[in-house]
Undergrad: 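Okay, handing you the structure first.
Lettering follows sequence order; numbering is per chain, from 1.
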Protein chains: 2
Amino acid sequence: MPDSELASESRGESGALDFEPISRETVSSQIRAQLLRRIITGELAPGARMPSERELAEQFRVARTSVREAMQGLLSLGVVERRGNRSFVAEHLPDVVVDQPDGRKDFVAQLFETRRVLEVPIFALAAVRADDSARAQVTDLADRFHANLDISDFRRLDREFHTTVASACGNPLLIELYGKVLDRLFRSEEFDALLSDEQNRSEVRRIVSDAAAAHESIALAFATGDIEEMERCTRDHVGAVAQAMVDDLI
Amino acid sequence: MPDSELASESRGESGALDFEPISRETVSSQIRAQLLRRIITGELAPGARMPSERELAEQFRVARTSVREAMQGLLSLGVVERRGNRSFVAEHLPDVVVDQPDGRKDFVAQLFETRRVLEVPIFALAAVRADDSARAQVTDLADRFHANLDISDFRRLDREFHTTVASACGNPLLIELYGKVLDRLFRSEEFDALLSDEQNRSEVRRIVSDAAAAHESIALAFATGDIEEMERCTRDHVGAVAQAMVDDLI
DNA sequence: ACAAATGGTCTGACCGTCTGACCGTGCTAG
DNA sequence: CTAGCACGGTCAGACGGTCAGACCATTTGT
């Protein structure tokens with residue numbers, strides 16, 4: 001191999017610049033992966049009914065054939081079962097798939113660890129960077145919490161509150177990641193279970209009123225741009241909810 | 001819409017769990033993107049000869065048809081020219097391709113803010129939770145950095161180092177989010193530009209050797225489980241790289 | 001002048017995907 | 001009880017992206 005170039009662009013080493021490998025992810029494999037993840041995390045709970053193929057096709061904006069192919073994969077993995085005309089998540093997931101032994105408590109712990117890692121600095125940043133209208137909006141939102149709020153209203157409001165504060169931090173990437181965490185939290189069985197515990201209404205009521213108070217403090221720190229107070233309040237709030245959720249799981 | 005569920009699995013809101021969009025990146029579009037990046041960063045310098053289509057096809061492990069399709073794109077963008085039997089990078093790149101309006105500095109700032117938010121606590125957790133084999137592995141990895149490492153080797157090693165440390169934190173969700181951030185960083189043109197700046201080799205060399213030293217310190221703190229030191233080193237390291245990248249952009 | 005390298009063009013095949021249709025079955029509202 | 005409907009199962013046809021070749025014309029380098 002003659003190296004006859006005289007000028008400019010010798011590559012130095014072997015002359016070959018190396019490229020990233022070309023990825024060939026197929027549509028159905030992506031769908032399979034996404035569904036599998038929802039199943040493993042319990043968002044699609046064992047025994048629950050799967051969305052219909054047509055529905056999935058519409059949501060993914062993809063042909064039903066592709067969804068079916070993905071389903072075949074899950075079927076043969078044993079994580080999805082067909083009964084009659086319906087598809088269900090398998091009652092007992094094969095061990096091959098599920099390799100997290102005592103998932104639930106760990107899962108909740110991880111969720112809140114992640115939330116703490118993100119939420120405290122994000123809220124702190126937001127407290128510094130928010131404009132006046134955002135501050136007013138958050139104060140307003142915090143005022144709408146009552147101790148005796150309907151559960152589903154509380155959930156909606158709770159989520160809106162956190163999202164609103166976060167979006168004042170001015171960093172779209174952080175907001176996106178934080179959104180993913182909130183998504184998993186609000187979709188998780190465990191969070192559902194915590195708030196819709198029929199046996200323990202008084203406990204639920206306490207959680208709601210505590211959260212209302214915490215949001216009030218956060219909103220205050222937010223309105224005044226007090227960063228240390230913001231960090232303290234947020235940390236306490238996340239810690240308290242995490243504690244309640246872990247207790248609920250025992 | 002009646003809320004007739006009494007027990008378990010009410011999904012709360014609209015009942016529809018929403019999925020990530022399915023990506024449909026074609027082989028040729030990926031090739032086009034990779035070539036374009038090499039051209040913009042100057043790795044493929046203006047006026048330099050392009051590798052032959054057959055050669056590219058072999059490197060990408062792809063049919064020549066796909067390479068040609070990518071080339072057509074670059075050709076019509078005006079960043080590649082055919083002269084006689086040869087392809088060359090255009091002498092003067094069309095402005096359309098070269099300049100991102102202004103978002104660049106913001107983008108980099110946001111990327112590193114996010115990285116700092118995640119990386120510092122993740123590395124701290126990892127320092128506490130890692131097992132012996134992970135500690136040994138990280139020490140080993142840090143030792144493989146030299147001041148005069150090949151750029152592409154450095155990138156690979158750099159990424160592996162960060163990924164390896166992070167995966168010792170024991171929280172899959174955190175690892176996943178951190179992975180997304182690293183992805184964006186390593187895929188970004190800006191990072192590419194920083195490390196493959198042909199005009200400024202000495203600066204690049206300084207960055208590489210600084211990073212090598214920083215990784216050494218991090219590995220040490222990691223090996224001994226010194227959490228405060230770990231936080232300090234990580235914060236400094238991220239800050240330094242961020243600074244270098246912002247400087248490069250001016 | 002000649003051989004090698006390169007781009008241009010074409011072909012046949014394969015696969016993943018889309019579209020749209022039709023079938024049988026089981027659930028459910030009238 | 002029955003008709004309608006939602007669902008999974010299946011099929012046929014088309015299309016685009018990709019691959020592996022082959023062949024040609026031209027340029028390049030010796």
Side-chain angles (χ1 to χ4, degrees), chain A residues 1-9 15-16 19-35 44 47-90, chain B residues 1-2 4-5 15-16 19 21-35 44 47-90:
Chain A
M1 181 176 285
D3 54 331
S4 51
E5 328 91 331
L6 20 114
S8 52
E9 70 356 336
F19 297 96
E20 310 282 329
I22 300 301
S23 94
R24 294 164 194 281
E25 264 198 317
T26 164
V27 168
S28 40
S29 79
Q30 293 180 60
I31 296 176
R32 174 161 31 80
Q34 284 204 41
L35 290 177
L44 286 167
R49 200 167 141 193
M50 291 285 288
S52 80
E53 295 178 351
R54 288 177 173 87
E55 194 177 333
L56 286 173
E58 193 178 352
Q59 289 221 5
F60 281 116
R61 310 176 134 270
V62 126
R64 184 157 76 105
T65 7
S66 305
V67 173
R68 300 206 82 242
E69 195 163 329
M71 287 291 240
Q72 290 304 331
L74 299 177
L75 225 33
S76 66
L77 272 183
V79 299
V80 166
E81 292 167 357
R82 308 235 116 127
R83 293 201 290 271
N85 270 350
R86 301 284 140 87
S87 315
F88 297 84
V89 180
Chain B
M1 183 176 284
S4 52
E5 333 88 331
F19 296 97
I22 300 301
S23 93
R24 295 165 191 280
E25 269 196 313
T26 80
V27 170
S28 41
S29 79
Q30 294 179 61
I31 295 176
R32 174 163 29 83
Q34 284 205 40
L35 291 177
L44 286 167
R49 180 145 163 221
M50 292 284 290
S52 79
E53 296 179 351
R54 289 177 172 85
E55 193 179 335
L56 286 173
E58 193 179 352
Q59 288 220 7
F60 280 116
R61 312 177 131 271
V62 126
R64 185 156 76 104
T65 346
S66 305
V67 173
R68 300 205 84 240
E69 195 163 328
M71 288 291 242
Q72 288 305 330
L74 299 178
L75 226 31
S76 67
L77 272 183
V79 298
V80 167
E81 292 166 357
R82 308 235 115 124
R83 292 203 289 271
N85 266 352
R86 301 282 138 91
S87 314
F88 297 84
V89 180

Undergrad: Return the minimal non-hydrogen interatomic distance between A/I31 and A/A70, and the atom names on each side.
TA: CG2-CB, 3.7 Å
Undergrad: So if I define the base as every atom that isn't primed, P, OP1 or OP2, how would nucleotides 12-23 of chain D read as a B/S/- string at a heavy-atom cutoff under 4.0 Å?
TA: -----SSBB-BB
Undergrad: Tell me the interatomic distance from A/M71, atom CE, to D/dG8, atom P, rounded to whole angstroms.
TA: 6 Å
Undergrad: Could you tell me how far apart A/R82 (CZ) and D/dG8 (P) are, to the nearest whole angstrom?
TA: 6 Å
Undergrad: Just wondering, more than 12 heavy atoms not from B/Q72 lying within 6.0 Å of its CD?
TA: yes
Undergrad: Over all heavy atoms of both residues, which pair between A/P51 and A/M71 is shortest? Give the atoms and the distance, please.
TA: O-CE, 4.5 Å
Undergrad: Could you tell me which non-hydrogen atom of A/V27 sits nearest to which non-hydrogen atom of B/R24, and how far apart they are?
TA: CG2-NH1, 3.6 Å
Undergrad: Partners of A/T26 by side chain to side chain donor-acceptor pair (under 3.5 Å), sequence neighbours excluded?
TA: A/S28
Undergrad: Applying a 4.0 Å non-hydrogen cut-off, can you work out what A/R68 is touching in the nucleic acid: base, sugar-phosphate, or nothing?
TA: base
Undergrad: Heavy atoms only: give me the nearest A/E81-A/A90 pair and the separation to one decimal.
TA: OE2-CB, 3.6 Å
Undergrad: Where is the tightest heavy-atom contact between A/V80 and A/L75, given as atom of each residue plus distance?
TA: O-CD1, 3.0 Å
Undergrad: Need two values: the first and the last nucleotide of DNA chain C, 5' to 3', having an atom under 4.0 Å from any heavy-atom of chain A.
TA: C/dG16 to C/dG26
Undergrad: Whole Å only: how far is the CG atom of A/N85 from the C1' atom of D/dG8?
TA: 5 Å
Undergrad: Taking all heavy atoms of A/P21 and all of B/Q34, pick out the closest pair and write down the distance.
TA: O-NE2, 4.3 Å
Undergrad: So if I take every side-chain heavy atom of B/R86 and compare against D/dT27, D/dC7, D/dT28, which nucleotide ends up nearest?
TA: D/dT28
Undergrad: Within the 4.0 Å heavy-atom criterion, would you say A/R49 contacts the bases, only the backbone, or no part of the nucleic acid?
TA: sugar-phosphate
